[in-house]
Q: 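So that we are looking at the same thing, I have put the structure below in structure tokens.
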There are 2 protein chains.
Amino acid sequence: MATISSAKPDELAAAAFALFSTRGIAGVNMDEIAAGAGVTKGSLYWHYASKKEVILAACNLYYSAWRIQIAGATEVHERLADQLEAAVAFSVRSCLLDDANRVFTTEIVAMSLYDADVRASWTGFLDETERFFLGLTHRAVGAGEFRCDDVDRAVDLLMASMEGIKQIALFRPQSCLPENEQRTCRRLMSLMGERVPVHVPV
Amino acid sequence: MATISSAKPDELAAAAFALFSTRGIAGVNMDEIAAGAGVTKGSLYWHYASKKEVILAACNLYYSAWRIQIAGATEVHERLADQLEAAVAFSVRSCLLDDANRVFTTEIVAMSLYDADVRASWTGFLDETERFFLGLTHRAVGAGEFRCDDVDRAVDLLMASMEGIKQIALFRPQSCLPENEQRTCRRLMSLMGERVPVHVPV
DNA sequence: ACCGCGCCATACCGACCGGTATTGAGCGCC
DNA sequence: GGCGCTCAATACCGGTCGGTATGGCGCGGT
């Protein structure tokens, strides 16, 4: 058979992420993760030394997916203001509609309360997200496409609001309805600043 | 001895809350909860049928403490705008500085992912909190002390931001510094609307 | 004096789970 | 063919924890 083997750890991490994001981290044991990838626990422990390593690998998988998705959602737009709006819309959608996202991130946050490694991992992701929005907003403002008096304040509030929205959506299912999703996007954008209307030459 | 006994369940719940809020719900077992109240597990199970009942009792204790604290923080002010500002300041402070608050609520939110009873309990608390801020803001606006075009939007964003701030503070210790705490309060208030200056007769 | 009952302690069960020890199958290499 | 490496499967250990069974102790009622 001679499996190339280099992809196996990723396969295992993917199986772990799939289970974690539906049944939670504590709700899944190592036997089930192994079974999800078609192997047994003995093999799983050959690739990862502990459950925590599996969790951190699943985190990295999540971060990679996020990078790809938000890049795909924004890069289709030419104008920077549109990119910013698309990035916010993508984030809101994933907060409100993506149950896997909510389950996984909530568990990771809870785990960060006690585990410094997991906390460091998530801190890195938060930093990356913040840099993304800061950079995009600054560029949109610099290009004269968006008006925002205090970009740092705006992005800070945006980040907090999005985390809060994701959390509260668990308790307010009606906030996940399409019309409320759009309203949430508008509210978040109005919190950021306002678009500069395109100058249409006559 | 003949202990009055009526206070015992609350004592047990208080011991449970103290442990939950420092070491998490999953990190505390029934023996430790009982020991924290000076009894053994047998007694604990005489008062509560399951660990979940203990958890829900600890939740109710938390809600009661919140009611008392936020009432105490606001009622010292005469003007409604001041009350609103004090309520926001209290919430921010408890989000940023109160580790027990963060640990307990994060665990409850994570538990709500899978347990409908816990979720219902926390939903009730969120509703209560929202009603509190909606009512206070509406009254402040009605009394002409505060200007806010869309109270529903403002309170929605406020609730989301506060939950997000509490969560993100775990990963950004510097946001808990006093100067950043005040800045956060100002940002949240600016998100709500603006105070109407007191009319000082000359 | 006796009983019932509220309250508590002791001892224990059974299930679960992370992690390990051990063995073996396939494969490249000499 | 024999050796050694990689990777996988089986069985098992040690410990934890929620929950239960059972018995005891003191008090109030009669």
Q: With the threshold set at under 4.0 Å for non-hydrogen atoms, list the residues of residues 22-46 of chain B touching DNA chain D in residue-number order.
A: Val28(B), Asn29(B), Met30(B), Lys41(B), Tyr45(B)
Q: Can you pull out every side chain to side chain donor-acceptor pair (under 3.5 Å) where at least one residue sits in residues 54-72 of chain B? Sequence neighbours excluded, please.
A: Tyr62(B)-Asn101(B), Tyr63(B)-Ser121(B), Arg67(B)-Glu128(B)
Q: The criterion is side chain to side chain donor-acceptor pair (under 3.5 Å); which residues satisfy it with Thr123(A), sequence neighbours excluded?
A: none
Q: Which ones in residues 49-58 of chain B lie close to DNA chain C, meaning a heavy atom under 4.0 Å from one of its atoms?
A: none
Q: Check whether Arg102(A) reaches the backbone of Cys95(A) with its side chain - one donor and one acceptor, N or O, closer than 3.5 Å.
A: yes
Q: Which pairs pass side chain to side chain donor-acceptor pair (under 3.5 Å) with one or both residues in residues 133-148 of chain A, sequence neighbours excluded?
A: Arg147(A)-Glu194(A)
Q: With sequence neighbours excluded, what pairs up with Phe17(B) under the ring pair (Phe, Tyr, Trp, His ring centres under 6.0 Å) test?
A: Phe104(B)
Q: Can you list the residues that meet the side chain to side chain donor-acceptor pair (under 3.5 Å) rule with Ser112(B), with sequence neighbours excluded?
A: none
Q: Can you name the residues that form a side chain to side chain donor-acceptor pair (under 3.5 Å) with Glu32(B), not counting sequence neighbours?
A: Arg23(B)
Q: What pairs with Thr40(B) under side chain to side chain donor-acceptor pair (under 3.5 Å), at least two apart in sequence or on another chain?
A: none
Q: Give a yes/no on whether any side-chain N or O of His47(B) is located under 4.0 angstrom from OP1 or OP2 of dC8(C).
A: yes
